[in-house]
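Presented below is the structure to which this report refers.
Along the sequence shown, residues are numbered consecutively beginning with 1. Bear in mind the structure is a predicted one, so any value in this text is a computation, not a measurement.
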Amino acid sequence: MSTPAAMAENKAKLISETRRRFEAEYVTDKPDKYDPRDVERLQQDDNWVENYLFWRHDVIDETLKMLDESFQWRKEIAVNDLTESSIPRWLFEIGGIYLHGYDKEGNKLFWIRVKYHIKDPKTILDKKKLIAFWLERYAKRENGKPVTVMFDLSETGINSIDMDFVRFIINCFKVYYPKYLSKIVIFDMPWIMNAAFKIVKSWLGPEAVSLLKFTSKNEVQDYVSAEYLPPHMGGTDPFKYSYPPLIDDDFQTPLCENGPIASEDETSSKEDIESDGKETLETISNEEQSALLKKINLTEPTSKAEENEKVDSKVKAFKKPLSVFKGPLLHISPAEELYFGSTESGEKKTLIVLTNVTKNIVAFKVRTTAPEKYRVKPSNSSCDPGASVDIVVSPHGGLTVSVQDRFLIMAAEMEQSSGTGPAELTQFWKEVPRNKVMEHRLRCHIVESSKPTTLTLKDGSFNVSDKTSEDMCLQFANSRSESDCSPL
């Protein structure tokens, strides 16, 4: 049986050999065949090469053919230069293709509303560009996380059946974006398309046919919960697509509308928020704080092997170490995931720490994909230059945290003369240009064990103040036992 080290070494050899042979056998003779940016990325991005190898079962000859076809297509359709302006506006406006919501496994949903598609040779290239636009945008953001294609055939007529377009979509996942397909959920397929989908199955090949899931209202919730399904599928999702602006694929409300943001008690004052944070921190004894800081160990370097061993054997509850995202306006801790207790131990509040690293006031707001679930204090406020703000996040009583829930922190610099009251902030968010807004996303993580024994950080992850160290202690302690926290 191969050891992890041997497997990693073998994978590295496969990646290296794939790069060498692609350069020698494909690029050297016809350098203009591909976009040089793709060739450069192939030499630098191990994950990208690995995706192609995985899809071709580590057979290098087959992988090279796939890379050749994929890279030619990327140049032909100018994937690296696709923007909103590359695609006719009406294609965005009809809302036939977009990303929104998650399936039960936490995979992003890629919606294709077939009823909005009319077969027309004059527009097929632009429609293909729209598919590529969304997939490239998603791939750059998520780097390898699979999507579930929601092929919605409800209210579809014969004019919408375009097998060339269907074949292109399949090729996107077979060749152009390998390893990105979780499954294709086909909803409400009319009988008239039975013959057509026999052809589709032949295109997919025997391995991928199992990824096709034919559903009606009765079966679709086997794959996607009601909260991410529209009413015509038997769901409760109130989302309605509109354009412009281009929807954010997690947080759909346009920036100019100032919401919905994560819910916050309007009666709560700043003093309440600050005292709440202090109160919780005070429930941790000095000895516990010291012990936690020793375990966190911000200064001593840790070898990769030691770190992995500690994480694997002692902190299975923490899938990733806590860290700081260092943005241009704000440093945000934790960097990627908010930790909540499991259902058995009771959902507990957690903390987001924002630190303003600019010389101006920074306005911020917090949005979530599930605003009905969470209380966030403060959710729409500002942070002075050099100062930190503690944001307390807690689920409403009785509601369960889901790993599919996401939080978005938006931030923008304000003029020194600007006021920071509710009215001024509302006006500011209406007027601030989109390209001036920093955005950072956080996932939810449910800690299964209520008493992890230690916490290991990536070497060099922290270079922060004592205050942030205390905040880390607070967050870690919040996941330890119910008695450590007073309810909001």
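Ring to ring, Tyr241 and Tyr116 are not that close: their centroids are 6.0 angstrom or more apart.
Across all non-hydrogen atoms, the minimal contact from His232 to Phe187 is O-CZ, 3.9 Å. Shortest non-hydrogen contact noted between Arg74 and Tyr177 is NH1-OH, 4.0 Å. For the pair Ser381 and Pro378, the tightest heavy-atom approach, listed with the atom from each and the gap, is CB-CB, 4.1 Å. Nearest heavy atom pair, residue Ile361 against residue Ser382, reads CG2-CB, 3.8 Å. Between His100 and Trp111 the shortest heavy-atom distance is O-NE1, 2.9 Å. The two residues Tyr180 and Asn51 have their closest heavy-atom pair at CE1-ND2, 4.3 Å.
Judged by a 6.0 Å distance limit and a 45° cone about the ring axis, Arg406 is positioned over the six-membered ring of Tyr102.
A donor-acceptor contact closer than 3.5 angstrom links the side chains of Asp152 and Ser154. A side-chain donor-acceptor contact under 3.5 Å links Tyr52 and Ser70.
The shortest distance between side-chain heavy atoms of Phe110 and Ile97 falls below 4.5 Å. Side chains of Leu91 and Lys129 form no contact here, defined as non-hydrogen atoms less than 4.5 Å apart. Between Leu354 and Phe364 the shortest side-chain heavy-atom distance falls below 4.5 Å. Within the 4.5 Å cutoff, no side-chain heavy atoms of Ile352 are placed close to those of His440. Residues Trp55 and Val175 form no side-chain contact, since every pair of their non-hydrogen atoms from C-beta on lies 4.5 Å or further apart. Between Lys213 and Asp222, the closest side-chain pair of non-hydrogen atoms is not below 4.5 Å. Side-chain contact between Leu351 and Val392 is present, with at least one heavy-atom pair separated by less than 4.5 Å. By the 4.5 Å heavy-atom criterion applied to side chains, Met438 and Leu330 are counted as neighbours.
Taking CG from Leu181 and NZ from Lys179, the interatomic distance works out to 13.5 Å, rounded to the nearest 0.5 Å. The structure places OH of Tyr176 at 6.5 Å from CZ of Phe168, a figure rounded to the nearest 0.5 Å. How far NE2 of His117 is from CD1 of Ile124: 5.0 Å, rounded to the nearest 0.5 Å. For the atom pair CE of Met410 and CD of Glu439, the computed distance is 5.0 Å after rounding to the nearest 0.5 Å. For the atom pair Lys140 NZ and Asn80 CG, the distance stands at 5.5 Å (nearest 0.5 Å). Of the inter-residue distances, the one linking Phe173 atom CZ with Ser182 atom OG reads 10.0 Å to the nearest 0.5 angstrom.
When each of Lys119, Lys128, Lys127 is checked for a salt bridge (charged side-chain N to carboxylate O under 4.0 Å, His left out) with Asp164, only Lys128 meets the rule. Of the options Tyr339, Phe340, Phe407, a ring-ring contact (aromatic ring centres under 6.0 Å, His included) to His445 is made by Tyr339 and by none of the others.
Side-chain N or O atoms of Asn107 include none that pairs as donor or acceptor with a backbone N or O of Thr148 at under 3.5 Å. The main-chain N or O of Glu50 is never found under 3.5 Å from a side-chain atom of Asp46 such that the two would form a donor-acceptor pair. Checked by atom type and distance alone, the side chain of Glu69 never pairs as donor or acceptor with a backbone atom of Met66 at under 3.5 Å. Listed for the Asp103 side chain is no donor-acceptor partner under 3.5 Å among the backbone atoms of Tyr223.
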Evaluate side chain to side chain contact (heavy atoms under 4.5 Å, CB included) for Met233 paired with Thr215, printing each intermediate quantity in order. CA-CA 10 Å; Met233 287 186 172; Thr215 64; over 6 Å; no
When you look at Trp48 and Asp38, which way does the side chain to side chain contact (heavy atoms under 4.5 Å, CB included) test go after all the steps? CA-CA 10 Å; Trp48 209 28; Asp38 290 334; 3.8 Å; yes
List the steps, then state whether side chain to side chain contact (heavy atoms under 4.5 Å, CB included) holds for Trp90 with Thr123. CA-CA 11 Å; Trp90 69 268; Thr123 62; 3.9 Å; yes
Step by step, work out the side chain to side chain contact (heavy atoms under 4.5 Å, CB included) result for Asp237 and Leu229. CA-CA 5 Å; Asp237 189 353; Leu229 289 173; 5.7 Å; no
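Applying the side-chain hydrogen bond (donor to acceptor under 3.5 Å, both in side chains) criterion to Asn171, with sequence neighbours excluded, gives no partner residue. Residues satisfying the side-chain hydrogen bond (donor to acceptor under 3.5 Å, both in side chains) test with Gln221, not counting sequence neighbours, are none.
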